[in-house]
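Treat the numbers as computed from the prediction; the structure is a model and nothing was measured.
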Amino acid sequence: MWSALGSGSPLHLVGVEVTMVELEFRRPIGTAIASHRRRPLVMVRLVADGPGGPVVGWGECAALADTTFDDEDAESAFAALTHELVPQLSSHSQAVSHSSTGSRSPAEAELPATSIDSPAAPTMLVPGPAALAGHLRAVGAPLAFAALEMAVADLHLRSSGISFAELLGEPGASVLVGAVVGTSGSVSELLAQVDALVDAGFARVKLKIGPGWDTVPATAVRRRYPDLILQVDANGSYSSDDIDHLVELDQVGLACIEQPFPRDELRAHVALARAMGTEVCLDESLDSPASVRRAIAMGACDVVCVKPARLGGLTAALEVYGDCTDAGVPLWLGGMFESGYARSVNTALAALPGFTLPGDLAPAGEYLTEDLVGPPETGRTIGDGRLRVAAPTAPGMGPPPDEEVLARRATASWRWSGP
């Protein structure tokens with residue numbers, strides 16, 4: 001399966017392009033600790049020659065505009081890709097880094113002046129994504145690495161003529177969809193947003209909460225929708241002093257409470273899990289397979305939120321999936337407000353058995369003013385009318401980004417060219 005991907009079809013790398021694009025949210029995404037109005041994305045495009053001719057692979061970096069939730073932001077991920085990860089992949093780091101943008105940030109650059117063509121270098125065989133992890137993960141930029149790994153996987157899948165869902169053994173699968181609601185100015189505004197999501201068929205709604213905005217809004221939603229799958233996400237905004245208060249959320253009937261305390265405070269999560277009937281889920285605390293195993297062993301979480309980018313890529317995410325299913329720990333697929341390309345990758349992953357809760361898989365058009373790909377195939381479940389999104393069936397990780405949109409939205413670009 002995944003570990004064997006890329007082992008049978010030699011692909012010779014001939015070109016790489018890393019592009020920063022700027023997208024906008026339809027409405028600000030508010031959490032207890034930040035509000036996001038724009039969505040920069042770093043896209044990786046690999047070009048290779050294979051047995052069937054030229055093939056292109058795409059990867060998307062999940063890093064946000066700032067370091068609110070992760071140590072990497074979009075600009076530092078761009079730098080990690082162009083200064084370290086791609087040069088190491090091409091095996092010619094010295095030649096490429098001498099042609100890099102140096103200390104200039106992507107935001108300071110303008111096209112086409114920032115488009116860099118490095119000196120020609122001999123081609124090399126592109127490893128499979130599982131082999132790639134052993135060579136490049138030590139760079140210490142998991143979100144940037146995950147984007148490169150995605151591009152490598154896409155390259156091999158397109159060359160082989162199979163989809164990611166087919167590789168996972170889930171061809172033709174579709175999944176129930178969850179949506180996220182940011183913090184609101186009032187309960188009435190919140191209810192209006194939830195009304196629209198329920199009418200659209202979303203099977204689960206996740207509310208962003210924080211001190212001063214928790215039990216009241218959650219209770220209001222539950223009273224209006226007694227049967228709705230409801231979660232809350234605190235983004236680490238509480239302290240262990242709030243345990244008694246958070247236990248009050250047991251009355252709401254939540255599927256889980258996500259990341260109530262800061263990422264390093266696992267013992268506080270253990271204490272809450274012991275005091276609370278609602279299942280505790282971790283997100284920001286889980287940044288590697290080892291961290292997931294540790295949290296489960298400690299009793300710090302009952303449910304695992306899988307975010308492939310934060311874990312360091314799909315190889316790591318599949319390792320976590322195996323560990324959790326072996327241990328009987330339920331999972332769900334978290335989102336990072338990706339474009340429709342990366343969201344389609346997550347949709348295929350969420351179709352695996354063991355992902356028991358609807359994930360953050362709302363079509364990107366729900367929150368972005370313009371997407372990089374067309375809308376996914378959707379449908380409604382007969383009977384209850386709940387929204388389902390289909391995993392892509394065409395070869396590759398997902399539908400390739402629209403290069404016209406990429407060019408129009410680009411703020412910086414970097415290129416490496418082989419001979």
Side-chain angles (χ1 to χ4, degrees), residues 16-25 36 38-47 56-65 69-70 72-82 85-86 89 106 129 132 136 141-158 163-164 306-317 333-350 359-365 367-368 370-376 389 391-392 394 396-414:
V16 183
E17 183 172 11
V18 181
T19 303
M20 176 89 77
V21 298
E22 184 81 16
L23 305 178
E24 295 92 29
F25 287 121
H36 295 270
R38 63 188 185 91
R39 186 49 169 119
L41 286 173
V42 180
M43 303 298 297
V44 180
R45 180 177 183 267
L46 304 182
V47 182
V56 175
W58 292 93
E60 178 179 323
C61 183
L64 295 168
F69 299 111
D70 295 283
E72 295 168 75
D73 59 15
E75 289 196 3
S76 66
F78 185 99
L81 282 160
T82 58
L85 290 168
V86 171
L89 177 67
L132 187 75
L136 299 183
L143 301 183
F145 171 81
L148 183 61
E149 182 202 47
M150 187 187 297
V152 166
D154 189 49
L155 195 70
H156 285 292
L157 286 171
R158 292 187 194 279
S163 70
F164 184 39
V306 175
K307 289 186 176 177
R310 180 168 290 150
L311 289 167
L314 287 160
T315 300
L333 211 298
M336 298 181 73
F337 296 104
E338 306 89 353
S339 83
Y341 175 68
R343 187 134 289 196
S344 67
V345 177
N346 288 352
T347 300
L349 187 63
D360 294 339
L361 298 169
Y367 50 85
L368 294 176
E370 183 176 30
D371 195 6
L372 300 180
V373 302
V389 174
M397 299 297 288
D402 186 324
E403 297 197 45
E404 185 277 326
V405 177
L406 281 174
R408 177 162 42 81
R409 291 283 189 169
T411 58
S413 181
W414 180 97

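Every residue two or more places apart in sequence or in another chain that forms a side chain to side chain donor-acceptor pair (under 3.5 Å) with Asn346 is listed here: Glu338. Annotation: side-chain contact (heavy atoms from CB on, under 4.5 Å) contacts of Ala317 (sequence neighbours excluded): Val306, Pro308, Leu311, Leu349. Every residue two or more places apart in sequence or in another chain that forms a salt bridge (charged side-chain N to carboxylate O under 4.0 Å, His left out) with Asp154 is listed here: Arg158.
The structure places OH of Tyr341 at 11.5 Å from CG of Leu406, a figure rounded to the nearest 0.5 Å. Summarising the geometry, atom CG belonging to Leu132 is positioned 8.5 Å from atom CG belonging to Leu85; distances are rounded to the nearest 0.5 Å. Here the CE-CZ distance, from Met150 to Phe164, works out to 8.5 Å after rounding to the nearest 0.5 Å. In this structure, NE2 in His156 is found 9.0 Å from CG in Leu46, a value given to the nearest 0.5 Å. Arg38 contributes atom CZ, which lies 11.0 Å from atom CG of Leu23 (distance to the nearest 0.5 angstrom).
In terms of heavy-atom proximity, Val405 sits nearest to Asp371 at CG1-O, 3.9 Å. Between Gly398 and Ser344, the closest heavy-atom pair is CA-OG, 3.4 Å. Between Ala153 and Pro129, the closest heavy-atom pair is CB-CG, 4.0 Å. Closest approach of Ser339 to Leu41, counting heavy atoms only: CB-CD1, 3.7 Å. Nearest heavy-atom pair, Pro40 versus Leu64, reported as atom, atom and distance to 0.1 Å: CG-C, 4.3 Å. Scanning both residues, Ala144 and Leu81, for their nearest heavy atoms gives O-CD2, 3.5 Å.
No side-chain heavy atom of Met43 sits under 4.5 Å from any side-chain heavy atom of Glu17.
Taking a cutoff of 4.0 Å between a charged side-chain nitrogen and a carboxylate oxygen, Arg409 and Glu24 qualify as a salt bridge.
Aromatic ring pairs are classed by plane angle as parallel below 30°, tilted from 30° to 60° and perpendicular above 60°; the pair Tyr367 and Phe337 is perpendicular.
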